[in-house]
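In what follows, a structure is listed as structure tokens, so that the remarks can point back to it.
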Amino acid sequence: MPLTFRKSFRILPGVRLNINKRSWSITTGSRNGPRYTRSSTGRRTTSMDLPGPFGWRRARHSKGRDRGY
């Protein structure tokens, strides 16, 4: 099993800095609302916890393109 490196720091309330071996990302948002993540590789992700059996939903946006989400 390969070793992995991942570390997450809370910068401000509702803002986290996530670091791994190849990139870093900033996540904003709260536990109860949507979370927005921007990665150093250009990936943008929106995720949100949904009630009931749905768990959570995630939408990835391609890097470098603004789709207006």
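Note that this is a predicted model, so its numbers are computed, not measured. Residue numbers count from 1 along this sequence.
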Asn32 versus Met48, closest heavy-atom pair with distance = O-CE, 4.4 Å
ask   = Considering residues at least two apart in sequence or located in another chain, which fulfil the side chain to side chain contact (heavy atoms under 4.5 Å, CB included) criterion with Thr28?
value = Val15, Ile26, Tyr36
query = Hey, what do you get for CD1 (Ile19) to OG (Ser25), rounding to the nearest 0.5 Å?
reply = 9.0 Å
note = Sequence neighbours excluded, the answer for side chain to side chain contact (heavy atoms under 4.5 Å, CB included) partners of Ser23 is Asn20, Ser39, Ser40, Thr41
Show me, pair by pair, the donor-acceptor contacts under 3.5 angstrom made by side chains of residues 3-14, not counting sequence neighbours?
| residue | atom | partner | partner atom | Å |
| --- | --- | --- | --- | --- |
| Ser8 | OG | Arg16 | NE | 3.0 |
| Ser8 | OG | Arg16 | NH2 | 3.3 |
| Ser8 | OG | Asn18 | OD1 | 2.9 |

